[in-house]
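Below is one structure, written out as structure tokens, with a few remarks after it.
Just so it is clear: chains get the letters A, B, ... in the order the sequence lines come, proteins before strands, and each one is counted from 1.
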Amino acid sequence: MEINRRLFISGLAAASFITLPSTIARADNQRPTFITTSRDRLSGKFVLTCIDDKLEIAWDSPLPGRAHDIVVAPNMNQGVVIARRPGLFAMVFDIDSGDPITTIEPISGRHFYGHATFSHDGRTLFMTENAYDEGVGVIGIYDAENQYRRLGEFKSGGVGPHDIALLRDGHTLAVANGGIRTHPDTGRQKLNLETMASSLAFIESHDGRMIKNISIPGTDSQSLSIRHMTVTKNDIVVGCQNQSPSHVHPLMYRCGVAKQNALVALVMPAPMKKQFSGYCGSVAYDARSNTVAVTSPIGGVVGLWDSADDFAWLGNVQLPDGCGVDGASGNGGFILSSGEGDLSLISSDGMSRAQENYPFRQWDNHLVSV
Amino acid sequence: MNSRFILLCIIAISALLALPVLAAPDYTKIEARVQSMHIIPNYQALAGSTGKMATAIQATCAPNASIETMLMAQGYFQTTLDDWQSIQHFRSGPVALDDRHSRLQFWPDKRSIGGRHLSRFLVKGSNAELAPEKMSTASVALQGFPALERLLFDDMPIGLELRPDEILSRCHVAISIANNIAMISTELLLESQRAHAFGTESKLAVRAMVNDLITGVEVIQRLKIQMPMGKTKPLLKRAENWRSARSLRNIELNLKALRALTLALNDPADTTDPESKLIYDQFDIAIATARNLGADMGAVLRTKDGVLKLRSLALTLDDLKKLIAIYMTDRLSVNLGFNSLDGD
């Protein structure tokens, strides 16, 4: 690739943390398109970044450390970027500039797990957290209209809650309990692999009441950790990480949101199952084409399923170290990102529409369409 | 069938072959070896030359400073840049602290932030801001080699005499910057001499070193060569150190230093390993190509086939990068992947 302006901006930003304002302002009045985080290979620092529909960087904003997911408030004015587990910050930022607005810190005895979701009215933020001394997962509740004051918490229904989503009914929370216990004293070390139990919990957001808590069927599924999810028209689709070296077990499951009865495995060709290497990184849905996309950075591959055709396997896109994915607005399809600096817009059938490479950026696990 | 095609075939075939299971590398030993063979000697050289450069620039402030004094200061700048370019590729370890890398060299600087900050400083600064503790917290674009290069090569002579509208003499600003560079270099030397200077376990330190090695090659390829080549026409002022006409000399020194780092990461006693030899040979081709092009990239870009020659060098570096990515990561059992290595 020839050097270009985008590459230069990337390089410049790496060297600009002291002399430039905390963010590089947008040059126009367009709304941001995608927001993600990355590690700058030149400086080693972590950055929150807005990318426009031309895959150019619209703004950068320094982060206090490595982050994980980003959620955008329904009114589209604010976003929250949550620290990677064991996370100790969640930075609220201005969507148009990246400027920090406030920072949420976990209360004593809790740390963040990297994911959150807003209530549909935008007044409440729900975050997955670890009550690490008790070894249980909780959902922290924050008042978005009052400086994100912590209002309380309720149990997540398992250990190691990771991704969280609010269903279209506006009051049911779906929580991916990964099942793996960790403690800040031992970093990211997994403490209970022998006994881990993952689940998908449906929780009433108003009072924390457990509606249903379902597990992956099968006697040999104990090593599967449900981590990420997306909500399609009628289903929740979850992606797992297999804690055992076996690569034969299905990694993707769906569950109807109406009945919330059971998790059903999605079909994936055997060679692809092997390439996924027991690891799903991100899960996303494109409503225009009813397509679900799942990334595996270890396998360097993105799988595609048709949710309108009983989740039939559509095919794959190869993307080394690819992890970030979300449905692209406008013409639909997906945006993908990789730890090797790639950004790619693809259509729902996997055809490339546009791509760009930022060689000094390592795009992190997740990105979101705004 | 050209040599590049053959090399790419070797890379591809080798990558497909099952690689033998090797014993886990002794990371403590490797870290210590890189530290003693490569990092400390290079920071030692830098600390020494920056001190001498500061002294030489001091002389330019003498009331009777001659043009020879100025040329001598330029000469010391060139020597010091040689030493910086020989350790510039390290972005982890002590240089990652306190923004030292950017403070030594804020580059690339497409928006000419360094020029604007320097002009403003000369017009609105004060003598108090020349004190070491003030300069070390000033704009990074003002603190290091690029600002000093502007003073020494753009605006000769830099003597005591004030220019219209300016309230600081250029030689005093140059002395302050040179002292700041010397101070940072001394800090780097002292901190690099400590055991486990990278402040982390040895395997992670070695992984950071391999990352710096590959990033170093990529910086040369993309920022130092392809950026000044431009997309449609050469952009001479995008070359590193174009004012002192040494852009290609930098690249030659960078490559020699990266080769030395590779040697230190491998076992230097083992000269028979065929994969290492492939890497060293590729380094040697790139070094010879850079040397044969001369010192100044601007001069090359002004020739008819200059862009082609530089493109050829960039391709050589692309192959080199692939060789390092395949063999060094495997040999040292370090994975440079980001999400695949450490996802969630």
Pick one of side chain, backbone, both or neither for B/V219, based on which atoms fall under 4.5 Å of a heavy atom in chain A.
both
Hey, could you give me the CG/CG distance between A/L42 and B/D212, rounded to the nearest 0.5 Å?
9.5 Å
Pick one of side chain, backbone, both or neither for A/Q241, based on which atoms fall under 4.5 Å of a heavy atom in chain B.
side chain
Portion of A/S296 that has a non-hydrogen atom of chain B nearer than 4.5 angstrom:
neither
Indicate yes or no: does B/D99 engage A/K45 in a salt bridge with an N to O separation below 4.0 Å.
yes
Minimal non-hydrogen separation, B/R222 against A/N357, with atom names
NH2-OD1, 4.3 Å
Under a 4.5 Å cutoff for heavy-atom pairs, which residue among A/R39, A/E340, A/H366 has the most contacts with chain B?
A/R39
What part of A/R85 lies closer than 4.5 angstrom to a heavy atom of chain B: side chain, backbone, both or neither?
both
Side-chain heavy atoms of A/R41 within contact of B/E218, under 4.5 Å
yes
Give a yes or no answer on whether the side chain of B/N339 reaches the backbone of A/W363 with a donor-acceptor pair at less than 3.5 Å.
yes
Between chain B and each of A/P297, A/G339, A/G300, count heavy-atom pairs under 4.5 Å; write down the option with the most.
A/P297
Please tell me if the side chains of A/H162 and B/D344 come closer than 4.5 Å, counting only heavy atoms from C-beta onward.
yes
